2 protein chains.
Amino acid sequence: MDTDKLAALGGIKLFEGLPQAQLQSLAGIAQLRRCKAGETLFEAGQPGTHLFAVVSGKVRVFRASLSGKEQVLHVFTGGEAFAEVPVFEGKTYPASAQALEDSELLSIPRKGFVELLRRDPELALGVMALLSARLRAFVGQIAQLSLKEVPERLAGYLLLLRSAQGRDELTLDLPKGQIASYLGTIPETLSRAIKKLSEQGLIEVLGSRVRILDPEGLARLAEADR
Amino acid sequence: MDTDKLAALGGIKLFEGLPQAQLQSLAGIAQLRRCKAGETLFEAGQPGTHLFAVVSGKVRVFRASLSGKEQVLHVFTGGEAFAEVPVFEGKTYPASAQALEDSELLSIPRKGFVELLRRDPELALGVMALLSARLRAFVGQIAQLSLKEVPERLAGYLLLLRSAQGRDELTLDLPKGQIASYLGTIPETLSRAIKKLSEQGLIEVLGSRVRILDPEGLARLAEADR
DNA sequence: TGCGTTCCATGACTAAAGTCAAGGCCCTGC
DNA sequence: GCAGGGCCTTGACTTTAGTCATGGAACGCA
């Protein structure tokens with residue numbers, strides 16, 4: 001029954017180029033698992049025993065405060081691995097994870113994965129690259145949160161989507177509430193920021209469809225500095 | 001003349017436990033370098049060719065906005081390595097670095113370091129642990145910035161210092177302006193936050209000396225949630 | 001000793017974003 | 001076709017933090 005797992009593992013970017021033998025041994029220890037929209041995978045502070053990868057679906061990783069406010073750190077989709085931190089360091093997950101849609105996930109126990117890394121320096125380099133990319137993203141997020149205001153962060157986010165989707169007619173990939181939480185704000189404030197960009201003629205919004213009217217203007221705003 | 005370098009390398013936590021032969025080969029490619037307080041080591045966006053380590057002194061890593069506002073990401077002191085991100089991923093430094101004091105630094109070219117990693121899986125695991133610890137710290141910083149107000153962040157910072165210094169009479173390790181920038185605010189606001197904690201009887205401040213009067217109260221505040 | 005610089009504290013004001021409350025839109029399921 | 005729920009928008013208000021301007025204390029240096 002490992003053929004399912006093998007196929008799933010083959011679709012994970014982190015494992016691209018891994019020799020067949022090592023994929024086999026991963027398949028031996030990995031679990032393939034389905035979960036439903038809204039299901040919690042783990043919570044910040046829990047002992048972190050597994051590395052995860054998204055085969056299909058969408059998972060958000062976030063931190064919550066006691067009062068229920070949440071900050072989204074990242075949303076992972078097909079082919080991406082996450083929850084590496086406790087594999088290498090410490091014992092607990094630093095954030096919580098929840099499926100946003102019905103999803104298929106791979107979970108790989110910490111110990112077996114570390115063994116594999118010891119034997120395969122190229123995989124290790126791949127993991128370091130992944131961790132580094134995530135660090136770079138977090139540095140950007142910290143800078144955005146502390147140095148920019150909401151409309152500027154929104155402009156940056158839209159430009160990101162634009163380059164991901166490759167055109168000016170965007171489809172918002174998340175409900176607006178989640179986007180607000182990713183931008184470090186609340187839905188009301190996001191709403192007003194969207195209105196502001198529209199009024200300035202930078203974008204045009206219809207539900208979850210956004211048309212970028214003035215990419216340069218958006219870029220200027222995203223860099224802007226008050 | 002590599003004896004200086006060897007000694008310096010031996011003091012870097014990341015290289016602890018490395019076999020003598022590999023330290024030698026590191027010494028062969030590393031540069032030992034002094035720099036003065038205020039000196040810029042590199043700037044965000046520049047091509048990142050070297051990994052750094054602090055032998056002595058203090059270096060802050062930060063992001064600046066065009067208008068001159070700055071967000072401190074971390075302050076590195078003796079024994080710590082930094083600027084690993086561009087070694088493994090991308091081409092540029094994601095943030096800027098500046099010496100806060102006269103410092104001694106090691107710089108290690110990217111390429112030689114990657115070679116070493118390929119040959120020594122244990123070092124590679126050490127690097128992954130380091131990157132993971134940094135990710136965990138950034139997750140915490142993002143959560144603080146977006147979920148907590150300045151007095152709460154300050155309370156958390158003071159508790160951190162307390163556990164680092166192991167007693168209730170703290171010496172602030174940075175000028176207050178730098179602390180403000182690390183907490184994602186400005187000196188005026190930090191000033192007022194300090195005053196607020198003092199008035200609440202949680203701390204007592206005299207210049208750069210802080211006495212923690214009520215650790216539990218601070219902890220409650222740091223967790224607090226409005 | 002006195003000058004200048006840097007850092008810090010304070011006050012008055014402004015601007016940004018969060019809170020609370022209400023209402024609209026759209027989809028789903030009966 | 002209608003009821004109910006989620007999600008989003010809007011408005012009025014409050015709170016928080018940033019801005020600007022000023023003055024004081026501490027330190028280094030002539």
Side-chain angles (χ1 to χ4, degrees), chain A residues 37-38 60 64-72 98 100-101 144-155 171-200 203-210 221 224-226, chain B residues 36-38 60 64-72 98 100-102 144-155 171-200 203-210 221 224-226:
Chain A
R60 74 175 180 133
S65 74
L66 299 174
S67 63
K69 246 187 317 185
E70 294 176 347
Q71 170 67 42
V72 171
Q98 181 192 36
L100 283 176
E101 309 173 347
Q144 293 258 336
L145 283 173
S146 113
L147 303 174
K148 297 194 178 156
E149 304 181 347
V150 173
E152 302 166 3
R153 291 180 230 160
L154 172 59
T171 306
L172 295 182
D173 52 344
L174 297 172
K176 289 193 180 136
Q178 292 303 315
I179 295 177
S181 171
Y182 175 73
L183 296 177
T185 186
I186 55 174
E188 290 95 320
T189 300
L190 175 61
S191 233
R192 297 188 235 266
I194 290 174
K195 200 173 163 191
K196 191 169 169 189
L197 299 196
S198 301
E199 283 169 1
Q200 293 179 358
I203 60 174
E204 216 170 63
V205 182
L206 217 87
S208 71
R209 311 219 135 245
V210 177
L221 184 60
D225 226 15
R226 157 160 357 180
Chain B
K36 293 224 277 278
R60 75 177 179 129
S65 75
L66 299 174
S67 63
K69 248 187 316 184
E70 294 176 347
Q71 170 68 41
V72 171
Q98 181 192 35
L100 282 176
E101 310 172 348
D102 295 353
Q144 293 259 334
L145 283 173
S146 113
L147 303 174
K148 296 192 178 157
E149 304 183 347
V150 173
E152 303 166 2
R153 291 179 230 160
L154 172 59
T171 306
L172 295 182
D173 53 342
L174 296 172
K176 288 189 182 142
Q178 292 303 314
I179 296 178
S181 171
Y182 174 73
L183 296 177
T185 186
I186 56 174
E188 291 95 321
T189 300
L190 176 61
S191 233
R192 297 187 234 265
I194 290 174
K195 200 174 163 192
K196 191 168 170 189
L197 298 197
S198 301
E199 284 169 1
Q200 294 179 357
I203 60 174
E204 216 171 61
V205 182
L206 217 88
S208 73
R209 312 216 135 247
V210 177
L221 183 60
D225 226 15
R226 158 158 357 180

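Only this structure's heavy atoms are used, side chains among them; waters, hydrogens and symmetry mates stay out. Within every chain, numbering begins at 1; the chains are lettered A, B, ... in the order of the sequence lines, protein sequences first and strands thereafter. Remember, it's a predicted structure, so these values are computed and weren't measured experimentally.
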Taking atom types as modelled, find out whether B:R153 and B:Q144 have a side-chain donor-acceptor pair closer than 3.5 angstrom. no
In the structure I gave you, are the side-chain heavy atoms of B:I194 and B:K176 within less than 4.5 Å of one another anywhere? yes
Does D:dG18 have its OP1 or OP2 closer than 4.0 Å to a side-chain nitrogen or oxygen of B:K69? no
Measuring from the side chain of B:E188 (C-beta onward, heavy atoms only), which nucleotide among C:dA21, C:dG18, D:dC20 has the closest atom? D:dC20
Side chain of B:K195, heavy atoms from C-beta onward: which of C:dT10, C:dA17, C:dA9 has the nearest atom to it? C:dT10
Write down the distance between CG (B:L174) and P (C:dT6), rounded to a whole number of angstrom. 19 Å
Using whole Å, report how far CZ of A:R209 lies from C1' of D:dC8. 18 Å
Among D:dT19, C:dA17, D:dA17, which nucleotide sits nearest the side chain of B:E149? D:dA17
Taken to the nearest whole Å, CG/B:L147 to C1'/D:dA17 is 17 Å
Grab the CD-P distance between B:E70 and D:dG18 for me, whole Å please. 15 Å
B:S191 side chain, from C-beta outward: closest of C:dG18, D:dT19, C:dC8: C:dC8
Between C:dT19, D:dG18, C:dA17, spot the one nearest the side chain of A:P151, thanks. C:dA17
Do A:L197 and A:L221 make a side-chain contact, defined as non-hydrogen atoms from C-beta onward lying under 4.5 Å apart? yes
Can you identify which nucleotide, out of D:dT9, C:dG11, C:dC8, has its nearest atom closest to the B:R192 side chain? C:dG11
When rounded to whole Å, the CD1 to C1' distance for the pair A:I194 and D:dC7 reads 12 Å
Measure from the side-chain heavy atoms of B:T185 and tell me the nearest of C:dG18, D:dC8, D:dG18. D:dG18
In whole angstroms, the gap separating P of C:dT10 from NZ of B:K196 amounts to 15 Å
Choosing from D:dA17, D:dC8, C:dG18, which nucleotide comes nearest the side chain of B:V150? D:dA17
Figure out the CG/P separation between B:L172 and C:dA9, and round it to whole Å. 10 Å
Rounded to whole Å, how long is the line connecting atom CD1 of A:I186 with atom P of D:dT9? 13 Å
Salt bridge present between B:E70 and B:R60 (N-O < 4.0 angstrom): yes
When A:S146 and A:L190 are each assigned the nearest nucleotide of DNA chain D, the 5'-most assignment goes to A:L190
I need the minimum non-hydrogen distance between A:L190 and A:A180, along with the two atoms involved. CD2-N, 3.7 Å
Just to be sure I understand the rule, does B:P175 reach a base, reach only the sugar-phosphate, or reach nothing, if contact means heavy atoms closer than 4.0 Å? sugar-phosphate
